[in-house]
Visitor: 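Starting off with a structure, shown below.
Proteins get letters first, then strands, A, B, ... in listed order; numbering begins at 1 in each.
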Number of protein chains: 2
Amino acid sequence: MRADAQRNRDRIVEVARDVFREQGYDASLDEVAKRAGVGAGTLYRHFPQRENLLDAIMQSWVDRVHDAADKAVTREGTPREQLLAWFETYVGLISVHKGGPAKITSAMGHEESPIRTKCQTLAAANDRVLDHLREAGALRPDVDSVQMCRLVGGVATVADQGELDAAVVRPLLEVVADGVLAQ
Amino acid sequence: MRADAQRNRDRIVEVARDVFREQGYDASLDEVAKRAGVGAGTLYRHFPQRENLLDAIMQSWVDRVHDAADKAVTREGTPREQLLAWFETYVGLISVHKGGPAKITSAMGHEESPIRTKCQTLAAANDRVLDHLREAGALRPDVDSVQMCRLVGGVATVADQGELDAAVVRPLLEVVADGVLAQ
DNA sequence: ACCTGAACACCGTTCAAGT
DNA sequence: ACCTGAACACCGTTCAAGT
């Protein structure tokens, strides 16, 4: 890739991150192009679909996802407390901008999605936490990470779109946690 | 209301129901106006916001919601089976058109929403089922109907946007059910 | 090889003119 | 009192012309 093209690409991603955080995932791409100082065509050349841009934005925090799963696993407390702490972390991870939870969660398990690798990273992180709890015998044997992502992602989506605050979201996550813990 | 105005309103609602079912909640309102044979201004006069139109569309099935809750309560089977059957009914009720689950669920508990009365109807139906199970001692004491609507609505939203089929949705509803049943 | 930005399409929303 | 539909704004997307 030519140097100027690379520089343009980087600026678009950087700016898009800010714009999406300010205005949500449905923000105008024209605005992104303008702020990045490039023509609309340049944005479309690099990112033919909006989801390609989302994928690029998510690139930077992929490492944090692994770290977060590590922390959740080494945390003090009962399995229930560990699981709940992880759920809240997960909700935070996918709720960086408005509209994010819905887009990410609905792409879960879809092989054709431009953000599939990011979804796989999220599922892998969930798997890591679930495996840890499974070893401790605290978990139902029949739950998998994609289900987990859909359940917690569903709660995150509702929280995002209904603008619920953490105190209201917490009991919803508790229900999900109790549903997947060994009874 | 003048007779021709009433007739126009009725036609708009009738047409919108079809268009939303075909194309989802984000369908063009211009299309609705055209099919209804009215000018765009007429549509906006009757329904200043898109949600006002959704409210009008939902009017017709409010009775069905009560009936569905009645049926769920008198159904044969264990509390878990009753609850699951109700969840599936509920998901079906709010998933009449694409984009519906998200809109309805995120309006839950919002006093200012144009569809608040419909949300209250849904919450009341949920309450009916929950009360029945509570009497049987099958339910955790601390769950309420709005939480229920948000949890099951979250699953319905993910299913709607991720185009999941019933076989994939079922285990998600089971987790929610197990989370709210007495353990 | 890449970029620009005008051009087109589509849709939401308003409002002056009409009945 | 209500309706029409042209007009405007905004945004996504493409592509001919330029470097």
Visitor: Tell me which residues in residues 4-15 of chain B put a heavy atom below 4.0 Å from DNA chain D, sorted by number, or none.
Guide: B:Asp4, B:Ala5, B:Asn8
Visitor: Find the distance B:Arg2:CZ to C:dT19:P and express it as a whole number of Å.
Guide: 14 Å
Visitor: Sequence neighbours left out, what passes side chain to side chain donor-acceptor pair (under 3.5 Å) with B:Asp30? Give chain and number order.
Guide: B:Lys34
Visitor: Find the distance A:Met1:CE to C:dC2:P and express it as a whole number of Å.
Guide: 7 Å
Visitor: Sequence neighbours left out, what pairs pass side-chain hydrogen bond (donor to acceptor under 3.5 Å, both in side chains) with at least one residue falling in residues 129-142 of chain B?
Guide: A:Asp178-B:Arg140, B:Asp131-B:Arg134
Visitor: Go through the structure and list residues passing side-chain contact (heavy atoms from CB on, under 4.5 Å) with A:Glu14, not counting sequence neighbours.
Guide: none
Visitor: Can you name the residues that form a side-chain contact (heavy atoms from CB on, under 4.5 Å) with A:Asp18, not counting sequence neighbours?
Guide: A:Arg21, A:Glu22
Visitor: Between A:Glu112 and A:Arg116, is there a side-chain N and carboxylate O pair less than 4.0 Å apart?
Guide: no
Visitor: Given the rule that a pair is Watson-Crick or G-U wobble with both distances under 3.5 Å, how would you write DNA chain D in dot-bracket, using | for pairs to a different strand?
Guide: ||.|||||...|||||.||
Visitor: Side chains of residues 54-62 of chain A: which donor-acceptor partners sit under 3.5 Å, not counting sequence neighbours?
Guide:
unit_1  : atom_1 : unit_2   : atom_2 : d
A:Asp55 : OD1    : A:Lys118 : NZ     : 3.0
A:Gln59 : OE1    : A:Lys118 : NZ     : 3.2
A:Ser60 : OG     : A:Arg17  : NH1    : 3.1

Visitor: With sequence neighbours left out, which residue pairs that include part of residues 101-110 of chain A fulfil the side-chain hydrogen bond (donor to acceptor under 3.5 Å, both in side chains) condition?
Guide: none
Visitor: Dump every N/O contact between nucleotides 7-13 of chain D and the protein below 3.5 Å, one line per pair.
Guide:
unit_1 : atom_1 : unit_2  : atom_2 : d
D:dG12 : OP1    : A:Leu29 : N      : 3.4
D:dG12 : OP1    : A:Arg50 : NH2    : 2.6
D:dG12 : OP2    : A:Ser28 : OG     : 3.3
D:dG12 : OP2    : A:Leu29 : N      : 2.9
D:dG12 : OP2    : A:Asp30 : N      : 3.4
D:dT13 : OP2    : A:Tyr44 : OH     : 2.8

Visitor: Would you mind reading off the distance between B:Leu43 atom CG and C:dC15 atom P, rounded to a whole angstrom?
Guide: 17 Å
Visitor: Test: side-chain hydrogen bond (donor to acceptor under 3.5 Å, both in side chains). Region: residues 144-157 of chain A. Which pairs qualify, not counting sequence neighbours?
Guide: none
Visitor: Quick one: is D:dC3 close enough that its OP1 or OP2 comes under 4.0 Å of any side-chain N or O from B:His46?
Guide: yes
Visitor: Could you give the side-chain donor-acceptor pairs of residues 70-77 of chain A under 3.5 Å, partners two or more places apart or in another chain?
Guide:
unit_1  : atom_1 : unit_2   : atom_2 : d
A:Asp70 : OD1    : A:Arg128 : NE     : 2.7
A:Asp70 : OD1    : A:Arg128 : NH2    : 2.5
A:Thr74 : OG1    : A:Asp70  : O      : 3.2
A:Thr74 : OG1    : A:Lys71  : O      : 3.2

Visitor: side-chain contact (heavy atoms from CB on, under 4.5 Å) with B:Glu174: which residues, sequence neighbours excluded?
Guide: B:Arg80, B:Leu84, B:Arg170
